[in-house]
Structures are given as C-alpha cells and as structure tokens.
Amino acid sequence: MYETHRTLDFHLTLQPAEDLRAAHFIEEHDLCAPLLFVTPAIDVSGLTLAPADWARVLREFHARQPDWQIVLGCYRPETAANATPFARTADSECELCLQIQQQLTFPTHLFVNSDSFFYTLAMIKRSTLFLGPSTATFHAAWTQGVPAVGIFGNEPNHCKERWGILTGRGAHLVMNECKDYARTGSRPLRRLRRLRYSIKKRLHKLYYGEFRPKMYYSRFDTQKAQELQQLLTRVCQRILSE
C-alpha cells in the first residue's frame with residue numbers, strides 16, 4: 001500500500017457532448033459531491049475483486065463515509081468487441097455491477113456506458129474520487145485531475161513509477177497475488193512456474209474444452225479489506241480538507 005504525489009501538466013479535454021451526457025446523468029439521479037465513482041470490471045489481462053468482496057468494500061465505505069454517494073460504472077461501451085465475455089459469473093460489466101448492487105442495502109447508482117469510453121471519462125471528471133482495478137480508468141482519472149485509488153496485483157511491472165498518478169493525488173492497494181504466476185525470483189524458478197502454468201492451461205483445455213483464466217482475487221482477506229478501507233478513509237479525509 002503506497003501513495004503517489006507526482007505532478008505533470010497534462011489534461012485530456014472532453015467534447016461538449018460527452019460532458020453533457022455526464023451532466024444529464026448527474027441531474028437525472030440527483031447526485032452531488034462528494035461522489036465515489038467505481039468501475040469494478042477489468043479485462044482478461046488482470047484481476048478484480050469478486051462481487052461479494054466489492055459489496056463488502058462498498059458497505060464498509062458507506063458505513064465510514066455515509067455522506068458520500070456511490071456510482072457503479074461500466075467503463076467500456078456495451079457494444080465493444082471485448083465487452084461481453086467477462087467472467088464465469090458475469091456476462092458483462094453491467095451484469096457484474098448489478099451483482100454488486102443487489103448485495104447492497106443502501107442506494108447506489110448504475111452508469112452504463114453505451115457509446116464511448118469518453119462518456120465514462122466525463123463521469124469520472126465529475127466525481128470526487130475514483131476507485132477501480134483497471135489501469136485504463138486509473139490513468140483516465142489523472143487526465144481529469146481526479147484523485148484515484150487503484151487495486152492492483154503483485155506484479156513486478158505494477159510499480160508506483162509506472163502506474164503513479166501524474167496529475168492530482170493517487171493511492172494504490174497492492175494485492176498479495178497475481179494474474180497467472182509470480183514472475184519474481186531466480187530465472188529457473190520463473191521458468192518452472194511458467195511451465196506449471198502452461199501445463200495447467202493444457203489440462204483445462206483437455207477436460208473443459210477451453211481455458212478460462214482466473215478473473216477474481218482469491219486472497220482478499222480481512223487484512224487486505226482493512227488496508228483498503230484505511231486507505232480510502234485517509235484519501236477521503238484529505239480530499240474534504242482541501
């Protein structure tokens with residue numbers, strides 16, 4: 001768990017139509033600051049929390065910050081080629097958000113991106129804080145100067161130098177597992193892990209006809225949940241005090 005405070009003059013300008021779409025959503029749902037925007041989905045190259053774990057995170061966040069409003073968002077258009085096959089228990093990003101929403105007893109709002117990624121970017125721009133496991137939306141947040149908290153795997157290339165926020169304030173929670181196999185240690189050890197993973201993929205294809213990679217973190221335990229809440233609380237307090 002670490003925080004970044006790097007700065008650089010970089011800002012991605014949105015088109016008026018994109019800003020207007022987000023403004024209409026905010027007005028339609030009567031949203032106001034402070035607002036947490038969450039995109040729980042990730043593509044096949046990474047991991048995210050299971051729906052039950054996301055629900056636990058948001059319940060605890062709501063208990064600690066009851067004045068904050070929460071929006072669950074789909075960051076890729078539903079018509080995108082890679083938007084439909086997501087995970088074993090969710091057919092799309094929207095379905096994943098609905099699974100999370102159904103486990104919550106307090107009001108949340110669902111933003112479905114039906115057009116362009118930049119409409120999601122416009123929603124992030126109007127949010128007070130962003131939370132998600134995708135580096136795409138994490139980077140998008142800093143193009144709008146929005147504070148962000150990312151949940152990333154324990155990979156050698158997931159470092160603050162590479163994924164650090166360049167505009168605004170950012171924080172990372174680094175999980176204690178990775179997508180497929182750990183790439184740390186000596187070269188023979190890494191080769192052995194790669195061979196074992198290759199055998200696992202072949203056996204899955206043999207028995208099940210296809211290989212479905214792991215999509216959810218399996219070690220999001222009580223300690224990691226507490227670390228994430230402490231990080232979110234600290235970032236929220238810093239935002240409101242500015």
Side-chain angles (χ1 to χ4, degrees), residues 1-6 8 38-54 56-57 75-76 80-91 93 96 130-142 148-166 169-232 234-235:
M1 183 170 64
Y2 54 84
E3 300 182 46
T4 58
H5 300 275
R6 299 167 60 189
L8 184 67
V38 185
T39 58
I42 189 74
D43 60 27
V44 294
S45 64
L47 297 174
T48 185
L49 301 180
D53 290 330
W54 272 116
R56 177 170 56 151
V57 168
Y75 72 92
R76 290 172 296 188
N82 60 346
T84 301
F86 172 66
R88 297 182 184 180
T89 58
D91 295 328
E93 293 181 48
L96 175 65
F130 168 79
L131 170 64
S134 170
T135 54
T137 41
F138 189 78
H139 287 152
W142 63 254
V149 174
I151 303 173
F152 300 130
N154 188 17
E155 302 277 5
N157 61 344
H158 284 183
C159 57
K160 61 182 179 181
E161 287 78 16
R162 180 173 182 181
W163 300 128
I165 286 218
L166 303 182
R169 290 78 60 203
H172 298 193
L173 176 76
V174 180
M175 296 294 292
N176 51 1
E177 60 184 302
C178 55
K179 172 68 176 178
D180 38 32
Y181 58 90
R183 293 174 173 82
T184 57
S186 63
R187 179 173 295 182
L189 183 58
R190 295 198 305 270
R191 293 182 65 181
L192 180 62
R193 289 172 181 156
R194 186 168 64 247
L195 175 62
R196 185 175 62 181
Y197 187 70
S198 177
I199 293 173
K200 176 184 176 181
K201 289 172 65 175
R202 293 188 180 189
L203 288 176
H204 268 256
K205 288 181 180 179
L206 178 64
Y207 288 111
Y208 304 110
E210 64 175 337
F211 174 70
R212 292 191 173 186
K214 181 173 70 171
M215 297 303 299
Y216 297 136
Y217 288 111
S218 58
R219 302 176 189 170
F220 188 69
D221 52 18
T222 303
Q223 179 182 349
K224 280 296 177 184
Q226 290 176 349
E227 287 181 17
L228 179 56
Q229 289 303 327
Q230 291 170 0
L231 184 58
L232 287 169
R234 185 163 65 247
V235 173

What heavy-atom pair brings [X] and [Y] nearest, and what distance separates the two atoms?
| X | Y | value |
| --- | --- | --- |
| Val149 | Phe138 | C-CE1, 3.9 Å |
| Gly132 | Trp54 | CA-CH2, 4.4 Å |
| Pro133 | Pro40 | CG-O, 3.5 Å |
| Arg219 | Lys224 | O-CG, 4.2 Å |

* **Value rounded to 0.5 Å, distance of CD in Gln226 from CD in Gln230** => 6.5 Å
* Do Leu131 and Ile151 have side-chain heavy atoms sitting under 4.5 Å apart? -> yes
* To do: Begin from the C-alpha positions of Tyr216 and Leu49 and carry the test side-chain contact (heavy atoms from CB on, under 4.5 Å) through to its verdict.
  => CA-CA 5 Å; Tyr216 297 136; Leu49 301 180; over 6 Å; no
* Check ion pair Asp53-Arg56 (N to O, under 4.0 angstrom) ->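 Looking at Asp53 and Arg56, the cut-off is met.
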